[in-house]
Amino acid sequence: MAARYVTIAEDLQARIAKGQWEVGAFLASEPELASEYSVSRETLRAALRQLEDSGLIARRKGQGTRVVRLQPVQEFHTKLSSIEELAQYGRTAERTILSIEEVAVDSHLADELGVHEGTRRTVITSTRRDPSDGGPPASWAKVYISPADAPLILEELKDSDRLVADLVAEHTGRQVTRVLQQIKATALDEEAARALGEIPGSVALRLSRCYMDAAGGILAVAISTHPAARFVYESVLERG
């Protein structure tokens with residue numbers, strides 16, 4: 001028989017998936033949920049930790065528990081040593097903007113972006129290359145942001161190589177405090193292959209990064225594709 005906190009976590013996950021709480025909405029307070037499930041605060045917190053580990057919610061002391069995704073993250077992911085190190089790639093790689101357009105999110109992307117199908121998002125498509133070697137692009141990316149934030153950053157975006165999430169944070173008075181990252185193998189589709197100068201179907205790495213603020217709000221989601229032969233991803237894991 002499953003532990004009580006596990007069954008509570010499963011029930012809350014099902015309620016989130018059914019839309020009882022929208023992305024960005026706050027769950028009931030811990031005392032209210034503990035009373036609803038007739039358990040102690042400690043048991044309720046264990047259930048919430050399980051949801052947080054699944055990437056469904058973000059908890060901040062004094063602010064409550066906010067829904068950040070409708071479905072749990074299934075792929076293995078690691079925590080970066082610092083957000084500053086993540087931003088270093090943006091400061092050293094040269095970006096070329098290919099297109100900027102507003103789209104309706106389809107069902108395939110909705111869960112990954114933490115929104116409902118049909119939600120409008122501005123998508124910035126670009127490549128990045130090492131300016132020192134003059135070779136083909138090292139990555140092809142699509143970055144999804146709120147249409148309300150897009151006008152704030154578009155002018156600066158033309159002349160800046162900074163991460164889109166950093167620009168959004170700066171112009172909206174927010175701060176990136178958490179990045180949820182997923183890495184998996186993929187094959188290049190025709191659009192990505194054409195931008196990268198590769199053959200469609202070639203092996204590549206797909207990195208998805210969801211940039212969040214302290215309240216769990218999503219500033220940007222960047223999905224980048226890197227040819228396997230031209231990209232090495234290195235991380236250092238330390239015992240905490």
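Computed from a prediction, not measured in an experiment: that's the story for all the values here.
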Without swapping roles, check the side chain of [X] against the backbone of [Y] for a donor-acceptor pair under 3.5 Å.
| X | Y | answer |
| --- | --- | --- |
| Thr177 | Ala214 | yes |
| Arg95 | Ser160 | yes |
| Arg66 | Gly24 | yes |

Output the distance between atom [atom1] ([X]) and atom [atom2] ([Y]), rounded to the nearest 0.5 Å.
| X | Y | atom1 | atom2 | value |
| --- | --- | --- | --- | --- |
| Ile223 | Leu207 | CD1 | CG | 10.5 Å |
| Leu167 | His171 | CG | NE2 | 6.0 Å |
| Leu154 | Asp149 | CG | CG | 10.5 Å |
| Ser202 | Asp189 | OG | CG | 11.0 Å |
| Gln13 | Leu51 | CD | CG | 6.5 Å |

Kindly indicate whether the side chain of [X], heavy atoms from C-beta on, has any atom under 4.5 Å from the side chain of [Y].
| X | Y | result |
| --- | --- | --- |
| Thr186 | Leu205 | no |
| Leu163 | Tyr211 | yes |
| Leu56 | Leu70 | no |
| Thr225 | Leu188 | yes |
| Pro136 | Leu196 | no |
| Arg174 | Met212 | no |
| Ile8 | Val39 | yes |

Summary of salt bridge (Lys or Arg N to Asp or Glu O under 4.0 Å) pairs that have at least one residue in residues 103-112, sequence neighbours excluded:
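Those involving residues 103-112 are Glu112-Arg206.
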Side-chain ion pair, Glu191 and Lys142, N-O less than 4.0 Å
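A salt bridge is present here (some side-chain N lies under 4.0 Å from a carboxylate O).
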Are the charged groups of Glu22 and Arg15 less than 4.0 angstrom apart, N to O?
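Salt bridge: no.
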Of Thr65, Ile16, Ile57, which meets side chain to side chain contact (heavy atoms under 4.5 Å, CB included) against Trp21?
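Of the listed residues Thr65, Ile16, Ile57, the side chain to side chain contact (heavy atoms under 4.5 Å, CB included) partner of Trp21 is Ile16.
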Can you tell which of Val123, Leu157, Val143 makes a side chain to side chain contact (heavy atoms under 4.5 Å, CB included) with Ile100?
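When Val123, Leu157, Val143 are each tested with Ile100, the side chain to side chain contact (heavy atoms under 4.5 Å, CB included) holds only for Leu157.
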Side chains of Tyr37 and Asp11 only: does a donor on one sit below 3.5 Å from an acceptor on the other?
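Indeed, the side chains of Tyr37 and Asp11 share at least one donor-acceptor pair under 3.5 Å.
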Ignoring hydrogens and geometry beyond distance, is a side-chain donor-acceptor pair present between Ser35 and Glu32 at under 3.5 Å?
no
Just to verify, what does Thr127 make a side chain to side chain contact (heavy atoms under 4.5 Å, CB included) with, not counting sequence neighbours?
Thr96, Leu98, Pro137, Trp140, Ala195
Side chain to side chain contact (heavy atoms under 4.5 Å, CB included) against Ala187, all qualifying residues, sequence neighbours excluded:
none
Over 12 foreign heavy atoms within 6.0 Å of CD, Glu102:
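Yes, CD of Glu102 has more than 12 neighbouring heavy atoms, counting only those of other groups under 6.0 Å.
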